[in-house]
Amino acid sequence: ARSSLIVVGLMLATTIISSAFTTGDSVTQSIKSQAISDLGFIDEIIRIDDDSESWQSNAVPSEFSQSVFEQIAPILNADPNLDGVLPLLKERVALTNYRSKQFAVSSLLVGVDPARTNGFGELNGPNGIPINLVSLGPNEVVIDKAGAHEIGAEIGDELGVAVGPG
């Protein structure tokens with residue numbers, strides 16, 4: 001009876017350890033998949049390092065100014081290893097759909113210059129047809145499927161955006 005208990009205990013321990021390795025691999029794969037999904041074709045991101053010694057006696061800016069981008073863009077564009085250079089602004093916002101009366105309190109709003117999106121792959125709509133950002137008119141936006149579902153958005157809906165203080 002004692003040896004049976006030891007064997008069962010060892011089998012249980014082996015099962016637990018094997019499950020931990022499998023779960024760890026699954027979590028690692030999930031994180032990698034999410035990073036690739038979020039970043040797409042992006043290899044490098046230049047951002048402000050708020051931990052840098054440069055900011056010890058200065059206020060940390062929330063983003064680069066357009067003039068800084070205009071200074072570094074020619075250098076980056078001249079690099080044959082870079083397919084594209086794209087400045088962007090991003091902000092957490094509250095998003096409201098006036099038709100459905102639904103809202104999302106923490107949506108990610110991203111603004112890019114559509115003329116600079118070459119080299120970053122296509123942005124596809126739900127039917128797989130590429131979306132031409134250059135053809136968007138004033139007051140037109142592209143919203144992802146999850147965001148549209150959350151606020152009940154349909155093509156042609158009027159959306160409101162509220163940016164917090166700052």
Side-chain angles (χ1 to χ4, degrees), residues 20-21 23-126 130-153 157-166:
F21 286 134
T23 302
D25 289 345
S26 297
V27 170
T28 301
Q29 181 60 34
S30 296
I31 292 170
K32 285 181 183 177
S33 297
Q34 187 64 43
I36 291 168
S37 172
D38 288 350
L39 296 177
F41 293 95
I42 298 173
D43 293 323
E44 297 289 334
I45 297 175
I46 300 173
R47 64 172 185 80
I48 295 172
D49 180 6
D50 39 343
D51 294 328
S52 170
E53 293 179 12
S54 304
W55 306 115
Q56 284 183 352
S57 59
N58 299 313
V60 179
S62 60
E63 69 253 346
F64 290 106
S65 68
Q66 183 67 24
S67 63
V68 170
F69 174 73
E70 290 169 0
Q71 288 175 343
I72 63 173
I75 298 165
L76 296 172
N77 285 326
D79 187 331
N81 296 314
L82 297 178
D83 294 326
V85 177
L86 179 67
L88 66 84
L89 291 173
K90 66 180 181 172
E91 188 74 38
R92 285 277 169 199
V93 300
L95 190 59
T96 303
N97 182 340
Y98 295 125
R99 179 193 55 79
S100 71
K101 309 272 191 276
Q102 295 181 25
F103 64 93
V105 294
S106 185
S107 297
L108 183 62
L109 178 70
V110 179
V112 298
D113 178 357
R116 294 184 142 281
T117 58
N118 292 341
F120 290 93
E122 293 180 329
L123 181 63
N124 292 319
I131 298 170
N132 183 353
L133 294 177
V134 175
S135 70
L136 289 176
N139 299 319
E140 289 185 326
V141 298
V142 175
I143 186 170
D144 70 351
K145 187 176 182 178
H149 179 73
E150 184 173 359
I151 62 169
D157 281 356
E158 185 177 346
L159 306 179
V161 177
V163 180

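Taking CG of Asn124 as the start and CD1 of Ile131 as the end, the distance is 7.0 Å to the nearest 0.5 Å. Separation of atoms CG (Asp144) and CG (Leu123) is listed at 9.5 Å; rounding is to 0.5 Å. Separation of atoms CG (Leu159) and CZ (Arg99) is listed at 9.5 Å; rounding is to 0.5 Å.
Contact between Phe69 and Pro87 at its shortest, heavy atoms only, is CZ-CD, 3.4 Å. Here the shortest heavy-atom pairing between Glu150 and Gln102 reads O-OE1, 3.1 Å. For the residue pair Gln71 and Ile75, the shortest heavy atom distance occurs at O-CD1, 4.0 Å. The two residues Val112 and Pro114 come nearest to each other via the heavy atoms O-CD, 3.2 Å.
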Check: Can you check side-chain contact (heavy atoms from CB on, under 4.5 Å) on Leu95 and Ile143, steps first, answer last?
Finding: CA-CA 11 Å; Leu95 190 59; Ile143 186 170; 3.9 Å; yes
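Residue Asp49 qualifies as enclosed at atom CG: its count of foreign heavy atoms under 6.0 Å is above 12. Within 6.0 Å of atom CD in Glu53, 12 or fewer heavy atoms from other residues, nucleotides or ligands are found, so the atom counts as exposed in its surroundings. Counting non-hydrogen atoms of neighbouring residues, nucleotides and ligands closer than 6.0 angstrom, the CZ atom of Phe103 reaches no more than 12 such neighbours.
Residues Arg92 and Leu108 meet the side-chain proximity criterion, which asks for heavy atoms closer than 4.5 Å. Side chains of Ile151 and Asp157 form no contact here, defined as non-hydrogen atoms less than 4.5 Å apart. Contact check for Arg116 versus Asn77: side-chain heavy atoms found under the 4.5 Å cut-off.
A side-chain donor-acceptor contact under 3.5 Å links Ser135 to the backbone of Asn132.
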